[in-house]
Amino acid sequence: MPSKFAPLKNDTFLRALLRQPTEYTPVWLMRQAGRYLPEYKATRARAGSFLGLAKNPDYATEVTLQPIDRYALDASILFSDILTVPDAMGLGLYFTDGEGPKFAHPLRDEKSVMALEVPDMERLQYVFDAVTQIRQALNGRVPLIGFAGSPWTLACYMVEGAGSSDFRMVKAMLYDRPDLMHHILKTNAAATAAYLNAQIDAGAQAVMLFDSWGGALADGAYQTFSLYYMQEVIRQLKREKDGVRIPSIVFTKGGGLWLDQIADSGADALGLDWTVNLASARAQLADSVALQGNLDPAVLFAKPEQIRAEVQKSLASFGQHSKASGHVFNLGHGISQFTAPESVTVLVDAVHEYSRAFHV
């Protein structure tokens, strides 16, 4: 059977994740499709709402390709939201302008927690349709990344009912009723693994777990309530599709204390936030996994010459590549909506220009 997708023309990103030799350091940016781009704002206005954008494969394809059309990025990432999974579980996701995501039916008592089940993946078919459509529209230009929220990060929103500054309700459940928390996390892990595998089947060429709130946990609690369940997801992931390896990336924001433990999770690459020193992380992990990151997103508010200087510093911190090393340049978290689009051009071009000296 002939493939329904065009051959990949630029596999630098995938090779870096698998710690294979590359000619330069590939670059993509978390939230690269988003509010800092005027073309995104125009599409968002046509869609009428964020969910109208994310749940329509045509719009999702359009905004996923916008940064690829504008910049020489080495990977694209599906435009979606980490909260699609709990939404499919019946928690009632909605967005309030200026306040972020909220759930109409948060998990606040034993009855609601114990009723939680892995959703029928057909309820997320709009995501898989978007993955296939995006992969076809890319026409082999760069790989497509699929993604999901970590079980713990999803649980934070599911219990709090929205974003939180202190995670009071979810942590209260964690300590007071760990049995309920483990039920949520076990269900989330099974759902997330099925969700990512369906994205792989639909055309995703790499997958990433976003553990946005893992760093809010105490040492010990992180390993028990976040890392363990990410390992459960990774253990269930499809490692290849049609004979081609599908690399995985894990990113815990604030996870610098636990790099060696996260690196043992089974993922191919470890995302780093901007608090981590690249050279130290690489030395600590001895090139056992690829590293992704980790420029401070605020660098993009600086003048072009300073952006270029910070890119050089970051590349020099990772250092000269070996046969077993892998580095994907990225920000230490998502790009700010206030970033000037022209600054991203400076960043991407600088990575491609300066990194070649480290790949000789």
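The model shown is predicted, which means the values in this text are computed figures rather than measured ones. Along the sequence shown, the residues carry numbers beginning at 1.
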Under the side chain to side chain donor-acceptor pair (under 3.5 Å) criterion, do Asn197 and Gln236 qualify, and how do the steps go? CA-CA 8 Å; Asn197 282 335; Gln236 297 174 62; over 6 Å; no

Which residue, Gln231, Glu232, Met230, Arg235, forms the side chain to side chain contact (heavy atoms under 4.5 Å, CB included) with Ser265? Gln231

Can you list the steps and then say if Thr84 with Tyr195 is a side chain to side chain donor-acceptor pair (under 3.5 Å)? CA-CA 10 Å; Thr84 52; Tyr195 182 54; 2.9 Å; yes

Under the 3.5 angstrom rule, does the side chain of Ser49 hit a backbone N or O of Gly52 as a donor-acceptor pair? yes

Neighbour count above 12 (heavy atom, 6.0 Å) for Lys186 NZ: no

Output, in order, the C-alpha distance, side-chain angles, deciding distance and verdict of side chain to side chain donor-acceptor pair (under 3.5 Å) for Ser325 and Asp287. CA-CA 5 Å; Ser325 65; Asp287 287 335; 4.7 Å; no

Would you confirm whether His327, through its side chain, and Gly319, through its main-chain N or O, come within 3.5 Å as a donor-acceptor pair? no

Does the side chain of Asp74 come within less than 4.5 Å of Asn10's, by heavy atoms? yes

Between Ser150 and Thr153, is there a side-chain donor-acceptor contact under 3.5 Å, judged purely by atom types and distance? yes

Would you say the side chain of Leu270 lies within less than 4.5 Å of the side chain of Leu259, judging by non-hydrogen atoms? yes

Value for CD (Gln66) from CD (Gln32), rounded to nearest 0.5 Å, stands at 11.5 Å

Is any side-chain heavy atom of Met208 closer than 4.5 Å to a side-chain heavy atom of Phe251? yes

Neighbour count >12 (heavy atoms, 6.0 Å) for atom CZ, Arg245: yes

Answer yes or no: is there a side-chain heavy-atom contact under 4.5 Å between His182 and Thr224? yes

Compute both the distance and the angle, then confirm whether Arg282 meets the cation-pi test with Phe318: under 6.0 Å from the six-membered ring centre, within 45 degrees of the axis. yes

Got a donor-acceptor contact below 3.5 angstrom from the Gln292 side chain to the Val328 backbone? no

